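Here the structure comes first, spelled out in structure tokens, and everything after it is commentary.
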Amino acid sequence: MTDWARIRDAYLECEQITREQARNFSYGIRLLPGPKRRALSAVYAFARRVDDIGDGDLPREEKLRRLKQAREAIHAASIGAADPVLAALADSAARLPVPLAAFDELIDGCEADVRGVRYGTFEELLNYCRCVAGSIGRLSLGVFGTIDPPTAERRADALGVALQLTNILRDIQEDQLAGRVYLPAEDLERFGVRLEPGNGRAEDPERWDRLIRFQAARAEQWYAEGLRLLPMLDRRSRACCASMAGIYHELLARIAADPRAARHQRTSLSGWRKAGVAARSLAGMAP
């Protein structure tokens with residue numbers, strides 16, 4: 001097999017992973033032209049691998065060992081790698097300014113998950129969000145491209161924080177049952193809410209509503225800054241970013257409108273609704 005055919009097949013595998021596993025991001029990635037779509041699919045495929053290690057059922061020490069291996073693998077990634085995801089990533093970084101070193105931050109955040117780190121203050125949570133989502137924002141920006149990288153990077157980081165804060169609110173029950181609590185202890189104390197890992201319950205619905213709406217309003221502030229990235233991107237990249245952000249932004253609106261539903265089930269949008277957001281984004285109408 002020629003090198004060209006091997007890299008082509010590597011990208012095809014990354015795109016298949018994205019189609020099958022990226023429940024929200026795939027709608028935006030589809031809007032990109034071929035080279036950028038393939039590159040962002042490679043970014044997603046490796047990020048998915050890291051997340052799957054952290055979210056899997058392996059013992060803690062085995063997860064940490066595999067995350068260390070993933071870190072070493074991304075440092076050594078080359079176009080000649082036998083692993084198709086690493087080969088595609090290396091090829092993407094050779095063609096576009098994709099900062100593969102940002103995966104270190106993603107792995108740092110995943111290690112914090114595995115260790116069960118809890119956050120006393122919002123500043124501590126913010127650092128975590130910048131690791132696990134801001135890093136993906138910077139990697140994505142490397143694919144999208146921009147004429148003002150310093151400003152665009154700050155806005156991509158803010159958008160990543162907004163998306164991760166939305167994720168935390170969307171998955172709050174699921175995470176709690178898995179033994180993870182992300183909301184800062186200072187906020188829980190302020191609103192008089194107890195969230196303990198594993199019990200799946202939060203006391204006093206009224207206090208819960210106030211807490212979740214407070215967190216949603218905080219996320220909105222990060223969206224306000226992060227969405228300023230959109231005018232800095234070319235049309236197709238803007239449509240991709242707007243689609244991904246639009247889906248999460250709508251999730252946040254639903255959570256804020258009915259905080260108690262988040263206590264009992266994972267808030268989601270239908271496939272038709274996601275497709276509609278993507279279509280409007282391509283037309284320049286959303287978010």
Side-chain angles (χ1 to χ4, degrees), residues 1-23 25-56 58 61-114 130-146 149 152-153 156-157 160 233-234 236-237 240-241 244:
M1 182 183 294
T2 65
D3 288 344
W4 178 86
R6 189 172 55 79
I7 292 298
R8 177 202 61 198
D9 289 350
Y11 278 122
L12 287 173
E13 182 161 336
C14 293
E15 290 187 279
Q16 182 177 354
I17 291 169
T18 302
R19 284 194 302 272
E20 293 176 352
Q21 299 187 41
R23 285 174 289 187
F25 288 153
S26 63
Y27 288 88
I29 291 174
R30 293 173 194 170
L31 303 179
L32 291 170
K36 291 184 178 183
R37 184 183 68 247
R38 290 189 287 271
L40 198 53
S41 293
V43 168
Y44 175 83
F46 191 77
R48 179 75 267 163
R49 179 180 298 179
V50 171
D51 285 346
D52 285 346
I53 294 171
D55 292 338
L58 295 170
E61 291 308 314
E62 178 62 15
K63 288 183 179 182
L64 293 173
R65 187 184 71 82
R66 294 196 182 193
L67 288 171
K68 180 181 178 182
Q69 288 179 334
R71 192 188 299 272
E72 292 168 349
I74 198 65
H75 289 174
S78 70
I79 294 173
D83 184 320
V85 175
L86 294 173
L89 273 175
D91 186 72
S92 298
R95 298 172 184 273
L96 298 166
V98 180
L100 296 186
F103 278 115
D104 276 320
E105 296 170 82
L106 175 65
I107 294 170
D108 288 343
C110 196
E111 287 177 341
D113 285 342
V114 171
R130 284 180 164 143
C131 282
V132 298
S135 59
I136 299 301
R138 293 187 289 278
L139 285 157
S140 300
L141 185 61
V143 173
F144 296 151
T146 180
E153 286 172 9
D157 180 78
L233 306 177
D234 66 77
R236 295 282 287 275
S237 296
C240 172
C241 187
M244 294 187 289

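All heavy atoms count here, side chains included; hydrogens, waters and symmetry mates do not. A quick note: this is a predicted structure, and the numbers were derived from the prediction, not measured. One-based numbering along the sequence shown.
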Once rounded to the nearest 0.5 Å, what's the spacing between atom CD1 of I74 and atom CD of Q69? 14.0 Å

Interatomic spacing from CG in D157 to CZ in R138 - rounded to 0.5 Å: 5.0 Å

Note, E72 side chain near K68 side chain (heavy atom, < 4.5 Å): yes

Minimum heavy-atom separation for A81 to A87, with atom names? O-CB, 3.7 Å

Answer whether the closest heavy-atom distance between the side chains of E111 and I107 falls below 4.5 Å. yes

Rounded distance [0.5 Å steps], CD1 in I53 versus CG in L58: 8.5 Å

State the CE-CD1 distance between M244 and I136, to the nearest 0.5 angstrom. 10.5 Å

Distance col, row I7:CD1 vs Y11:OH, nearest 0.5 angstrom, shows 6.5 Å

If you define the side chain from C-beta out and look only at heavy atoms, does anything of S41 sit under 4.5 Å from I29? yes

May I ask you to decide whether R37 forms a salt bridge with E15, counting only side-chain N to carboxylate O separations under 4.0 Å? yes

Say you draw a straight line from SG of C14 to CG of L89; how long is it, rounded to the nearest 0.5 Å? 6.5 Å

Find out whether D108 and R71 are in side-chain contact, i.e. whether some heavy atom of one side chain is under 4.5 Å from a heavy atom of the other. yes

Q21 and D52: which non-hydrogen atoms are nearest, and at how many Å? OE1-OD2, 3.7 Å

Looking at R95, I'd like to know if its CZ atom is crowded, meaning that more than 12 non-hydrogen atoms belonging to other residues, nucleotides or ligands lie closer than 6.0 Å. no

Is R236 reaching over with its side chain to a backbone N or O of L31, donor-acceptor style, under 3.5 angstrom? yes

SB check E62 R66 (cutoff 4.0 Å): yes

For R6 and I79, indicate whether the former's side chain and the latter's backbone hold a donor-acceptor pair under 3.5 Å. yes

Within a strict 4.5 Å, meaning less than it, do heavy atoms of the V132 and C110 side chains meet? no

Side-chain heavy-atom pair F144, L32 within 4.5 angstrom cut-off: yes

Would a 4.5 Å heavy-atom cut-off, applied to side chains only, mark P99 and L139 as touching? yes

Close side-chain approach of F46 and V50, heavy atoms under 4.5 Å: yes

